[in-house]
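Comments concern the structure below.
This is a predicted model, so every value here is computed, not measured. Reminder, nothing fancy here: chain letters follow the sequence lines and each chain counts from 1.
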Amino acid sequence: MHDDIGKTEASLVAARREHLAALRSSGRDPFSQTRFERSSVRDALASVEPALAAPVDCDDAALALPIAFDRLAELFAFVVAEQPLAAQRLRLAGRVLTRRGMGKTSFFDLADATASKLQVYARRDDLGEEPFTALSHVERGDIVGVEGYLFRSKMGELTLHATALEVLGKALAPLPDKWHGLQDVEKRYRQRYVDLVVNPEVRATFLARSRILSEMRRFIDAQGFHEVETATLLHVAGGAAARPFLTHVNALDAQMQLRIATELNLKRLIVGGMERVYEIGRIFRNEGIDTSHNPEFTMLELYAAYWDVNDMLAFNEALMEHLARVVTGGTTLRVGEHEISFARPFDRIGYLDGIARYSHGRFTRERLLDPAGAATILEELGMPPSPTHGHALDKIFERVLEPHLIAPTFVTEYPLAISPLAKRVPGDPEMTQRYELFCAQMEISNAFSELNDPDDQRTRFESQIAQRAQGDEEIPEPDWDFVRALETGMPPTAGIGIGVDRLVMLLTGASSIRDVILFPLQRQHG
RNA sequence: GGGGCGUUAGCUCAGUCGGUAGAGCAUCGGACUUUUAAUCCGCUGGUCGACGGUUCGAAUCCGUCACGCCCCA
């Protein structure tokens, strides 16, 4: 790949510049246009006989919005012929996707933000000789505004019959194939704007992501949570097991780290009495890139004072079902070859029980909770040795239990060794009040009753220092101020982290995290 | 880090056994007043990812590198 422009491409650009020059010389410079008033849903309804209009369920604010192409069919279902609506003056705008010129008439397909298109019909006899000639300089990729009325074509397609048309923007770069779109995945990510223009399903995916985020906020806000923004630049990035990105702050002449979680700062807010807080924020982890990992990704973390892990589980379950309903209209989703249901209740399985079950009883609690025992399990599985007990447990889990977690499943009660911030299970101090939610073999959320005993927290940080010394570089340095925060007193609290990108993958059927991140990290061209 | 696959016209893709490169779409010219991947006629368009090697001759074989995708660790 190199960025030098080829001769063919140069001639395509030159041809487009000639069309631009022609438009300018006829006083229709596309780049001098400043605005175009588009018809609102209310305008559209007002222009037709009330008796004909289908009932529309939307509030005043929605009525004032421009008509989205995906609503045209619903709003104008009654349009059957050419004549009844000739008095109507609808104004719609979009990007030209295809042109079908037929001498003295022409058809255009326009795209807006939705995955639907609008067909426009232009005729010389309606537009006049000179404007129709100007129209011949409108090409695929250009942005146009059209005024006209709707009718149904011979083939039954709802079509805007143009009475006036203006060019609002010109595409100088040639667009990809109108039928195949842009397939080259590398170019799709590097030039996402082109991907979005020519691949409507990509626009639909990112609009779905936006809807998921706003529904998530709505659902959470309705339960009295406050959205907050904590620092991304930290002296010590903690709250998760991951290597941080390093940066330098000139004003302080200090090396700092980008956050790997929002956990510790959000719990500081719980200590401060904010009681119900959440943050939807970008997290940075200096790790590998694959179909389910991007070095920067979005996480929802939420903390509720006076809740325990079971309250959080119920909240999590309700949130997931709600989002599934909003996005898909139902509770079942296709993920690869599996059909999975988000109808409550989700499956539950104990961490230790699950590993015991899928190892046919070979990997017992006693072996797993003993560092030496876990090491022998790794050997039996033919896996390389781990630097720490916690690392070994993670590897065993990934190999033995995770592959079986297709339907939404809460894995409950995690060993203390891999849960440095979670409260112990009463009467079982080696285990914690924690669960993780898995779907389609992906970890979606992680929640627990938060450890609020500062002495216990200090002890666990100290054991993390030992783990770091054993060579596990993903174990963060202790954040001793966090212990001081707990010494200030934290109510019993439950917290959760949800991987937003993976959740969007599930709900949109994306198989790669790159398909739900607008600008995934790519290596720079040599 | 290891393995596999890919990179050919603006886009989507062919390219046989090693003999100096093809199609469709787009562009350009022409016809066409309800088309919808419009159609019909005609013409253009190439640093075959980069570099090196083998060969009389390389898109094709070999090596190195770049970028990407997939799988594994």
Go ahead and write out RNA chain B as dot-bracket, 5' to 3': ( ) for pairs within the strand, [ ] for ones crossing earlier pairs, | when the partner sits on another strand, dots for unpaired; Watson-Crick or G-U wobble, both distances under 3.5 Å.
(((((((..((((.....[..))))..((((.......))))......(((((..]....)))))))))))).
Rounded to the nearest angstrom, tell me the gap between atom [atom1] in [X] and atom [atom2] in [N].
X	N	atom1	atom2	answer
I289(A)	C67(B)	CD1	P	12 Å
Y121(A)	A38(B)	OH	P	17 Å
E139(A)	C28(B)	CD	C1'	11 Å
H137(A)	U27(B)	NE2	P	14 Å
M155(A)	U34(B)	CE	C1'	10 Å
D184(A)	C13(B)	CG	P	8 Å
D290(A)	C71(B)	CG	C1'	11 Å

For the residue pair R282(A) and F297(A), would you count it as a cation-pi contact if the rule is NZ or CZ under 6.0 angstrom from the ring centre and within 45 degrees of the ring axis?
no
Less than 6.0 angstrom from the centroid, inside 45 degrees of the normal: does R124(A) satisfy that with respect to the ring of F132(A)?
no
Given [options], the nucleotide with the shortest approach to the side chain of [X]:
X	options	answer
L12(A)	U36(B), U35(B), A26(B)	A26(B)
W179(A)	A37(B), U35(B), C69(B)	A37(B)
T98(A)	A38(B), G10(B), U12(B)	A38(B)
S512(A)	U33(B), C70(B), C28(B)	C70(B)
R523(A)	A38(B), U34(B), C67(B)	C67(B)
A15(A)	G10(B), U12(B), U27(B)	U27(B)

Tell me what [X] touches on the nucleic acid: a base, only sugar-phosphate, or nothing, going by heavy atoms under 4.0 Å.
X	result
S106(A)	nothing
R188(A)	nothing
K7(A)	sugar-phosphate
L175(A)	nothing
S153(A)	base
R514(A)	sugar-phosphate

What interatomic distance, in whole Å, is found between P of G15(B) and the corresponding atom of A9(B)?
15 Å
Considering only atom P, compute the distance from U60(B) to G49(B) and round it to an integer number of Å.
8 Å
For F397(A) together with Y351(A), are the ring centres under 6.0 Å from each other?
yes
Counting the benzene-type ring for Trp, do Y121(A) and F151(A) have ring centres under 6.0 Å apart?
yes
So does [X] reach the base of [N] with its side chain, donor to acceptor, closer than 3.5 Å?
X	N	value
D125(A)	U33(B)	yes
T105(A)	U34(B)	no
Q183(A)	U12(B)	no
E186(A)	U7(B)	no

How would you summarise protein contacts on nucleotides 39-44 of chain B per nucleotide, using B for base, S for sugar-phosphate only and - for none, with heavy-atom distances below 4.0 Å?
------
With respect to the phosphate group of [N], does any side-chain polar atom (N or O) of [X] fall under 4.0 Å of OP1 or OP2?
X	N	result
K104(A)	U33(B)	yes
R190(A)	G68(B)	yes
R100(A)	U35(B)	no

Will you find, in the side chains of H404(A) and Y358(A), an N or O donor that is under 3.5 Å from an N or O acceptor?
no
Exercise: do H137(A) and R24(A) side chains pair donor with acceptor under 3.5 Å
no
Tabulated below should be each protein N or O lying under 3.5 Å from an N or O of nucleotides 22-24 of chain B; please produce it.
from	atom 1	to	atom 2	distance (Å)
G24(B)	N2	D177(A)	OD2	3.0

Glycosidic torsion of U20(B) (syn if within 90° of 0, anti otherwise) classifies it as syn
